[in-house]
Amino acid sequence: MSQIMSGFRKEKEKAGYIGGLSILINKEDMSGNRLHQAIFDPIVPYVGTIFSNLEPGTMVVVHGVVAHNADRFQIDFQCGSSVKPRSDVAFHFNPRYKGSGVIVCNTLLNEKWGWEEKSYQMPFQKGQRFEVVFFVLPNKFQVAANGKHLLIYKHRVSLDKIDTLSISGMVEINTVGFANHTTPPGSQPTSLALSSMSSAQASQRSMAVQIPYTGNLPDTFGPGRTVLVKGEIKKNAQRFSIDLKPSSSQDIALHLNPRMKEKVFVRNTYLCDCWGTEERLLSEFPFFPEMYFELLIYCEAHQYKVAINGQHILEYKHRFKDLAKINKICINGDIELHDVRVW
């Protein structure tokens, strides 16, 4: 996302804009995001055409400021811009400030609202800047605000019918950007998961990789190497694990083990038939049921760095010192595994 914001700045400079954008998330980008449309300082209420198809992998990034006296605002993904009769609204995202605050999500079909889905987590504070990211997935929108997972809204309307974005209410908008979620520029990732599938399986883009999964890391592992795991947490998940290990022993160089029920993200190393001391400390547990995630492991000389959906989460000092012997990745547990990439 940092690359998205860099793109916003460059585009603003070209257009003669000067002014600060509130950069609230993603101190460490996990993959490239190619900006293909941006709107700056639109007048609210705003209604605009989405010129590129809203397909899986698209990110819609909105930066703005909530009014000091706001009672509500809304961001709507619509099927057209008609007022009478009102166009269908595929995804109605509506923070409301009555009481302690609530975010209402819904769908409007044939001028009739469906059932409301509510979140009582309110990251949009009156008078403060915000960033909200809508990540489009095949079966849902995944929404993050100010760098943190907020909610999931499953599609009730086909994505190919959505062609309009509408923003209204007591809010000022600085930027609206559309970006493609792509591989980092300059990298040449190897998809371990897809290479382990048959050509018929690989052609089915929605097909999950079988769990438990073991993949062979190409080339020597060590400083500067990156592993990226793409998956989705199952609805009633208990835990899952990602292990980097050598094939020459039972040792596990890096054991990542999120435990959903306890809301604990355990990190450890297994050496000489014995587990070491667990590391558990984190400010917040980063995983949620049905959440799509991309977990990046970046190897440095003295430690690993781990990021989730572009947000740096933790560091883990090397306990298994012979990094060149690490040649396998093993993944197991309550997730749907989509891909494993290495570069």
Side-chain angles (χ1 to χ4, degrees), residues 28-32 182-199 201-202 207-233 239-259 265-279 286-287 293-310 312-343:
E28 181 174 311
D29 196 7
M30 58 183 276
S31 56
T182 60
T183 299
S187 67
Q188 294 182 331
T190 299
S191 176
L192 304 184
L194 294 183
S195 64
S196 70
M197 301 166 67
S198 69
S199 58
Q201 289 174 323
M207 185 168 182
V209 182
Q210 186 173 354
I211 291 284
Y213 167 82
T214 298
N216 295 316
L217 301 177
D219 305 320
T220 301
F221 195 77
R225 301 306 302 273
T226 300
V227 177
L228 180 62
V229 177
K230 301 182 180 184
E232 280 184 78
I233 311 292
R239 61 175 62 192
F240 68 96
S241 62
I242 299 172
D243 294 338
L244 296 181
K245 58 189 298 184
S247 59
S248 57
S249 70
Q250 296 300 312
D251 291 345
I252 300 175
L254 175 64
H255 174 68
L256 300 176
N257 179 210
R259 302 175 184 177
F265 191 171
V266 173
R267 293 86 71 190
N268 209 340
T269 296
Y270 187 78
L271 293 175
C272 302
D273 299 322
C274 183
W275 285 107
T277 302
E278 289 184 347
E279 296 184 17
F287 297 100
F293 69 88
E294 297 191 0
L295 186 148
L296 178 146
I297 303 168
Y298 178 69
C299 183
E300 295 185 331
H302 303 291
Q303 65 182 2
Y304 300 101
K305 286 186 175 180
V306 177
I308 298 168
N309 290 353
H312 175 75
I313 297 296
L314 59 90
E315 298 92 25
Y316 184 82
K317 301 289 185 184
H318 295 311
R319 302 184 196 175
F320 183 93
K321 303 297 184 179
D322 196 350
L323 300 178
K325 287 187 176 180
I326 300 173
N327 60 0
K328 285 188 177 295
I329 180 169
C330 299
I331 302 171
N332 201 359
D334 302 324
I335 64 169
E336 289 186 5
L337 179 61
H338 296 315
D339 200 2
V340 180
R341 293 179 176 257
V342 180
W343 62 90

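When reading the values below, keep in mind they use all heavy atoms of this one structure, side chains included, and skip hydrogens, waters and symmetry mates.
- Interatomic distance, I308 CD1 to F265 CZ, rounded to the nearest 0.5 Å: 5.0 Å.
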Step by step, work out the side-chain contact (heavy atoms from CB on, under 4.5 Å) result for F240 and I233.
CA-CA 9 Å; F240 68 96; I233 311 292; 3.4 Å; yes
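- The two residues K328 and N216 have their closest heavy-atom pair at NZ-OD1, 2.6 Å.
- For the atom pair I313 CD1 and K305 NZ, the distance stands at 13.0 Å (nearest 0.5 Å).
- Counted by atom type alone, N268 and H255 present zero donor-acceptor pairs between their side chains at under 3.5 Å.
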side-chain contact (heavy atoms from CB on, under 4.5 Å) for I326 and L217? Distances and angles first, verdict last.
CA-CA 8 Å; I326 300 173; L217 301 177; 4.0 Å; yes
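- For the pair Y213 and V209, the tightest heavy-atom approach, listed with the atom from each and the gap, is CD1-CG1, 3.7 Å.
- Residue Y270 holds its OH atom at 7.5 Å from CH2 of W275, rounded to the nearest 0.5 Å.
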Taking it one step at a time, do I331 and I211 satisfy side-chain contact (heavy atoms from CB on, under 4.5 Å)?
CA-CA 7 Å; I331 302 171; I211 291 284; 4.0 Å; yes
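- Closest heavy-atom contact between D251 and K245: O-CB, 3.3 Å.
- Taking CZ of F221 as the start and CD1 of I329 as the end, the distance is 8.5 Å to the nearest 0.5 Å.
- Across V229, V342, L244, a single residue satisfies side chain to side chain contact (heavy atoms under 4.5 Å, CB included) together with I297, and that is L244.
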Run the numbers on I242 and L295 for side-chain contact (heavy atoms from CB on, under 4.5 Å), then give the verdict.
CA-CA 10 Å; I242 299 172; L295 186 148; 4.2 Å; yes
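- The structure places CG of L323 at 12.0 Å from CZ of R225, a figure rounded to the nearest 0.5 Å.
- Using a 4.5 Å cut-off on side-chain heavy atoms (C-beta onward), R239 and N257 make contact.
- Closest non-hydrogen pair, L314 versus H312, comes out as O-CE1, 3.4 Å.
- For N327 and S247, the side-chain atoms include at least one donor-acceptor pair closer than 3.5 Å.
- Here the closest heavy-atom approach between residue A301 and residue P223 is recorded as CA-CG, 3.7 Å.
- Residue R319 holds its CZ atom at 9.5 Å from CZ of R267, rounded to the nearest 0.5 Å.
- Here the side chain of T269 pairs a donor or acceptor atom with the backbone of A253 at under 3.5 angstrom.
- Taking the six-membered ring for Trp and the full ring otherwise, the centers of F287 and F293 sit less than 6.0 Å from each other.
- Under the 4.5 Å side-chain criterion, counting only non-hydrogen atoms from C-beta, L228 is not in contact with V340.
- Under the 4.5 Å side-chain criterion, counting only non-hydrogen atoms from C-beta, D243 is not in contact with L256.
- The closest side-chain donor-acceptor pair between Q303 and H318, if any, does not fall under 3.5 angstrom.
- When all heavy atoms of E279 and E315 are compared, the pair lying nearest together is OE1-O, 4.2 Å.
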